[in-house]
There are 2 protein chains.
Amino acid sequence: MENIEDIRPKRREPAVLDSFDRRILAALAADADRSYAALGEKVGLSPPAVHERVKRLKRSGVIRDVVARLDGTAVGKPLIAFVHVEAAGWGKSERLMQIARFPEVEEMHSVAGDASMILKVRMESPQALEFLLGQIHSVPGVRGTKSYIALSTYLDRPVQAEVTADWPNVPLPPE
Amino acid sequence: MENIEDIRPKRREPAVLDSFDRRILAALAADADRSYAALGEKVGLSPPAVHERVKRLKRSGVIRDVVARLDGTAVGKPLIAFVHVEAAGWGKSERLMQIARFPEVEEMHSVAGDASMILKVRMESPQALEFLLGQIHSVPGVRGTKSYIALSTYLDRPVQAEVTADWPNVPLPPE
DNA sequence: AATCTTGCCGAAGATTATTCAGGAGAGAAG
DNA sequence: CTTCTCTCCTGAATAATCTTCGGCAAGATT
């Protein structure tokens, strides 16, 4: 005998983001410290409606998490560097992955190009960077590194909800 | 006649972060969606005490902001690339700054090394990246670009509150 | 047309944020 | 050593927000 549960289609998570979702995401990516009431007023929905949508966006993974962004200098790590690591065999050795345990390492991407891996790190000092590079070089298979030290950061923001639609013709988007 | 206000020392924002601050920052950088009660339990303080500290950390700028981190793929930008821009004169022409208006551009650093500027961008497609590169090349003074396309991202987290203390001797920090 | 589904709203209760009045502890001054 | 001041904590009370719920309307499906 068939169970009615088997017949009913699964509740589908709407894969598409409508205009409200976009506006909510844009607002939350800029400032997640707002109340649902404030958010609702901004996007044109009631607080419960916004709440429901945010809950869905979190559950579906569109919103990965909500975090506080700290000032690197204030926490004692004023030095940002991008480290390109050239590895011999295939980049993602488990050993290299363990470099990610250092809290100084914020990003780690395998890349196409003449670097196997790009790391974004935030260090206490040039000396600390030197030590970290030592750690990286001690990983078997690592052939070399190239470091680019940031002199100043002009922009540093999270993933934006907006997507540029009309690329070819637009010289610059409006302010 | 002297005003008493002139004599009294200014209320100093404590420039140092004590152990409680550190723990609060670490917790908020990982997940800012907690209640003050939950945070307080985690760090060993009452809710009002945590509240007061968080307010101070925000006011003093240690906490820059609280944001929702979105899934790049879910918002339609699955392609991450690091673009190294080599500019002729001095990197930070106002014109190049305007590239930051594109929501695809998430970071922009001037760097020491053979690139004048490093951009982190999140694109809809390789075509979109091509268009963006076109925009960059149209900036006067830009001599060339080198793009590193991320194949996969193994780590992507915000500024961590922790700082590695004992560099030389530590081979790897504990899990 | 009837039914189902989705998604909104307003109202209400549960939870949380925020304020406030003490009070303990650490220095500084007498 | 005592006293004063300052800082920062706690617990209680109030204000605000979150979260749930019932009802309704619009569109899709049967």
Side-chain angles (χ1 to χ4, degrees), chain A residues 2-69 74 161, chain B residues 2-69 74 161:
Chain A
E2 280 182 309
N3 189 329
I4 192 168
E5 298 297 338
D6 301 331
I7 297 173
R8 284 192 180 160
K10 293 266 185 287
R11 175 175 304 276
R12 62 172 182 283
E13 286 284 353
V16 292
L17 306 173
D18 67 15
S19 148
F20 284 133
D21 287 334
R22 288 280 175 186
R23 299 183 64 180
I24 290 172
L25 291 173
L28 288 181
D31 176 13
D33 246 350
R34 274 181 277 245
S35 69
Y36 287 121
L39 246 184
E41 188 168 2
K42 200 167 173 58
V43 305
L45 285 176
S46 70
V50 175
H51 177 262
E52 179 61 37
R53 280 170 178 266
V54 170
K55 204 165 63 177
R56 175 168 52 77
L57 290 168
K58 283 179 180 169
R59 193 176 49 230
S60 67
V62 179
I63 296 177
R64 289 174 50 196
D65 51 20
V66 176
V67 301
R69 297 200 305 158
Chain B
E2 280 181 310
N3 190 328
I4 193 168
E5 297 297 339
D6 301 330
I7 297 173
R8 281 192 183 160
K10 293 265 185 288
R11 176 173 305 275
R12 61 171 184 283
E13 286 286 354
V16 292
L17 306 173
D18 67 15
S19 147
F20 284 132
D21 288 334
R22 288 280 175 186
R23 299 182 65 178
I24 290 172
L25 291 172
L28 288 182
D31 176 13
D33 247 350
R34 274 181 277 245
S35 69
Y36 286 118
L39 246 182
E41 188 169 2
K42 201 167 173 57
V43 306
L45 285 176
S46 67
V50 175
H51 178 263
E52 180 61 36
R53 279 169 179 267
V54 170
K55 204 165 63 177
R56 174 169 51 77
L57 290 167
K58 283 179 179 168
R59 193 176 50 230
S60 68
V62 178
I63 296 177
R64 289 175 49 197
D65 51 20
V66 176
V67 302
R69 296 199 306 158

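Chain A is the first sequence line, chain B the second, and so forth, proteins listed ahead of strands; every chain is numbered from 1.
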Task: nucleotides 20-26 of chain D: protein proximity per nucleotide (B base, S sugar-phosphate only, - neither; heavy atom, under 4.0 Å) - done: B------
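Closest to the side chain of Arg53(A), out of dG7(C), dT10(D), dC8(D), is dG7(C).
Once rounded to the nearest 0.5 Å, the distance linking CG of Asp31(B) with CG of Asp65(A) reads 7.0 Å. Atoms CZ and CD1, on Arg56(A) and Ile63(A) in that order, are 10.0 Å from each other to the nearest 0.5 Å.
Note: CG (Asp18(A)) to P (dG27(D)) measures 15 Å, nearest angstrom. Atom pair Asp33(B):CG and dA17(C):C1' shows a separation of 15 Å (rounding to whole Å applied). Rounding to whole angstrom units, CZ of residue Arg56(A) and P of dG7(C) are separated by 6 Å. Taking atom CD of residue Glu41(B) and atom C1' of nucleotide dT16(C), one finds them 15 Å apart after rounding to whole Å. For the pair Arg34(B) CZ and dA17(C) P, the computed distance is 12 Å after rounding to whole Å. Rounded to an integer number of Å, the gap from CZ of Phe20(A) to P of dC8(C) is 7 Å. Between Tyr36(A) atom OH and dC18(D) atom C1' the separation is 8 Å, expressed in whole Å. Summarising the geometry, the separation between CG on Asp21(A) and P on dT6(C) is reported as 15 Å, rounded to the nearest angstrom.
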Acceptor/donor pairs from residues 40-49 of chain A side chains to any protein atom, 3.5 angstrom cut, sequence neighbours excluded:
from: Ser46(A); atom 1: OG; to: Ala49(A); atom 2: N; distance (Å): 3.4

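Residue Ser35(A) is in sugar-phosphate contact alone, with no base atom involved, counting any heavy-atom pair closer than 4.0 Å across all strands shown.
Proximity of Leu28(A) to Leu39(A): side-chain heavy atoms (C-beta onward) are separated by under 4.5 Å at one or more points. Looking at Val66(B) and Val66(A), their side chains come closer than 4.5 Å, going by heavy atoms from C-beta outward.
Listed by first then second residue, pairs satisfying ring pair (Phe, Tyr, Trp, His ring centres under 6.0 Å) with a partner in residues 34-57 of chain A read Tyr36(A)-His51(A), not counting sequence neighbours.
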